[in-house]
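Presented below is the structure to which this report refers.
Atoms within a ligand are numbered from 1 in the order they appear, just like the ligands themselves.
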Amino acid sequence: MTGKIEARKLTKRYHVERTGRTVLALDNVDLDIREGEFLCIVGPSGCGKSTFLQMVAGLESVTDGELKIDARAVQGPGADRGVVFQSYALFPWRSVVGNIEFGLEIKGLAARERREIALRCAHSVGLKGFEDAYPNELSGGMKQRVGIARALANDPPILLMDEPFAALDAQTREMLQEEILSIWRKSNRTVLFVTHSVQEAVYLGSRIAVMSARPGRIMTIIDVDLPYPRDVTSAEFGNLMKPVYAVLKDEVLKAAREAALEPMAKASA
Ligand code: ADP
């Protein structure tokens, strides 16, 4: 298991029952995510970033094209992929350790082994002292630490993160960015990280894929050739943000124009 992800002409259409319409979310996406890399996807809101991640996670089906992990077609979720969601998606009735243990339970591990692994993962993301707390007793940052620990519990070669820090305050976000970099650098995991923040992408990513306005396609891929830890105030950092912004700005404007025209199109339909 190496953690290589390949998308070839990957297309996703959603059928919206309520309106009877079909939404083309992704259109012929070609993307190779290399084993062990930290790939960030940026793109305007609604361009299909989450859709792509959900398909890699096996939570959304493929409409057309190919999606492979380690040369095998993705057919559903699996223990080889840990997913971290923006909304945390924790079980409110389970404690911190209970949430982290969840995937290990599905795997059929014995209670003692589960708890041992869950405790180790909880401690590795700074949750010492909160093992038996419930999600409603935790701050957003702590909840997301639980989300990360849960994704790591199976020791997956691939970590999928969907705007995991978007709902957090700036200080907490910076702390968790450091932690996720440290987790990545200590392992040889592949990380696929979706964000709408160019700064976050340049701070974290070893490469950045910029997506077009919907239907999402890959516009360009930029190598971020800066050593870690990166200095967001350095001239090199600014120089790397520029080409990403340049592509993204056009796409954001395109998305905004389409959003403005959509009500008119519906009215005249
Ligand atoms: P992003 O993550 O880039 O903001 P998404 O992947 O969430 O974009 O959405 C891409 C497009 O697909 C949007 O137009 C969105 O409304 C649509 N979409 C996403 N999920 C569904 C769904 N379950 N049913 C219908 N349309 C959807």
Side-chain angles (χ1 to χ4, degrees), residues 5 7-31 33 38-67 74 76-77 81-89 144 147 151 158-168 173 180 191-202 204-205 207-222 244-267 269:
I5 304 165
R8 287 284 171 280
K9 294 190 181 246
L10 187 66
T11 297
K12 177 69 184 181
R13 279 182 223 101
Y14 289 108
H15 182 69
V16 186
E17 294 269 332
R18 192 176 54 79
T19 59
R21 288 177 169 217
T22 298
V23 176
L24 180 60
L26 294 178
D27 184 21
N28 282 303
V29 168
D30 282 324
L31 184 60
I33 305 176
F38 198 127
L39 184 102
C40 290
I41 298 189
V42 291
S45 176
C47 75
K49 303 182 291 298
S50 288
T51 296
F52 180 76
L53 184 137
Q54 299 256 342
M55 288 167 92
V56 176
L59 299 170
E60 280 291 351
S61 62
V62 171
T63 308
D64 267 317
E66 280 184 345
L67 181 61
V74 173
R81 284 149 287 158
V83 189
V84 181
F85 301 95
Q86 180 184 340
S87 57
Y88 321 123
Q144 199 51 299
I158 297 175
L159 201 53
L160 306 172
M161 308 187 81
D162 192 359
E163 305 226 21
F165 310 142
L168 305 175
R173 179 160 61 238
I180 211 68
V191 179
L192 169 59
F193 191 103
V194 164
T195 177
H196 61 260
S197 161
V198 173
Q199 175 163 326
E200 184 167 62
V202 177
L204 297 175
R207 285 198 306 159
I208 300 174
V210 187
M211 277 180 83
S212 66
R214 189 171 67 79
R217 279 171 296 111
I218 304 296
M219 298 296 288
T220 183
I221 295 184
I222 293 168
V244 186
Y245 262 126
V247 180
L248 195 60
K249 200 173 125 200
D250 287 345
E251 293 308 316
V252 169
L253 288 173
K254 209 190 291 173
R257 259 197 310 273
E258 270 160 31
L261 289 174
E262 202 167 328
M264 288 185 234
K266 269 187 199 153

Which of the ligand 1 atoms, numbered from 1, are nearer than 4.0 Å to a heavy atom of [X]:
| X | answer |
| --- | --- |
| Ser45 | 4 (O) |
| Arg214 | 11 (C), 13 (C), 14 (O) |
| Cys47 | 1 (P), 3 (O), 8 (O) |
| Val16 | 25 (C) |
| Lys49 | 1 (P), 2 (O), 3 (O), 4 (O), 6 (O), 8 (O) |

Problem - Audit row: Asp162, Val83, side-chain contact (heavy atoms from CB on, under 4.5 Å) steps and yes/no - result: CA-CA 8 Å; Asp162 192 359; Val83 189; 5.8 Å; no

Among protein heavy atoms, which sits nearest to [atom], and what does the distance come to when rounded to 0.1 Å?
| atom | result |
| --- | --- |
| atom 7 (O) of ligand 1 | Ser50 CB, 3.8 Å |
| atom 8 (O) of ligand 1 | Gly48 N, 3.2 Å |
| atom 10 (C) of ligand 1 | Gly46 O, 3.4 Å |
| atom 9 (O) of ligand 1 | Thr51 OG1, 3.8 Å |
| atom 27 (C) of ligand 1 | Tyr14 CD1, 3.3 Å |

Exercise for the section: Could you please spell out the steps behind the side-chain contact (heavy atoms from CB on, under 4.5 Å) verdict for Lys9 and Asp64? Expected result: CA-CA 7 Å; Lys9 294 190 181 246; Asp64 267 317; over 6 Å; no

Exercise for the section: Mark whether atom 16 (O) of ligand 1 lies under 4.0 angstrom from at least one protein heavy atom. Expected result: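 Given the 4.0 Å cut-off, atom 16 (O) of ligand 1 does not count as touching protein heavy atoms.
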
Exercise for the section: May I ask you to identify, for His196, whether its side chain, its backbone, both or neither come under 4.0 Å of ligand 1 on a heavy-atom basis? Expected result: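 For His196, no heavy atom sits under 4.0 Å from ligand 1.
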
Completion exercise
Correct closest heavy-atom pair for Asp27 and Arg217 would be O-CG, 2.8 Å

Problem - Other residues, nucleotides, ligands: >12 heavy atoms within 6.0 Å of Arg13 CZ - result: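 It does not: Arg13 CZ has 12 such atoms or fewer within range.
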
Practice task
Could you tell me whether the side chain of Val56 reaches within less than 4.5 Å of the side chain of Val74, counting heavy atoms only?
Solution key: no

Problem - Residue pair Ile158 / Leu192, side-chain heavy-atom distance below 4.5 Å - result: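 In short, these two side chains do not touch, never coming nearer than 4.5 Å.
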
Problem - Check: Ala201 main-chain N/O paired with Thr195 side-chain donor or acceptor under 3.5 Å - result: no

Exercise for the section: Say whether Pro44 and ligand 1 are in contact under the criterion: heavy-atom distance to a ligand atom below 4.0 Å. Expected result: yes

Exercise for the section: Return yes when Gly43 approaches ligand 1 closer than 4.0 angstrom through a heavy atom, no otherwise. Expected result: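 Gly43 does not count as a contact of ligand 1 under the 4.0 Å cut-off.
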
Completion exercise
Residue pairs meeting salt bridge (Lys or Arg N to Asp or Glu O under 4.0 Å), one or both in residues 46-62, sequence neighbours left out, come to Lys12-Glu60

Side chains of residues 39-47: which donor-acceptor pairs under 3.5 Å do they make with residues two or more places apart or in other chains?
none

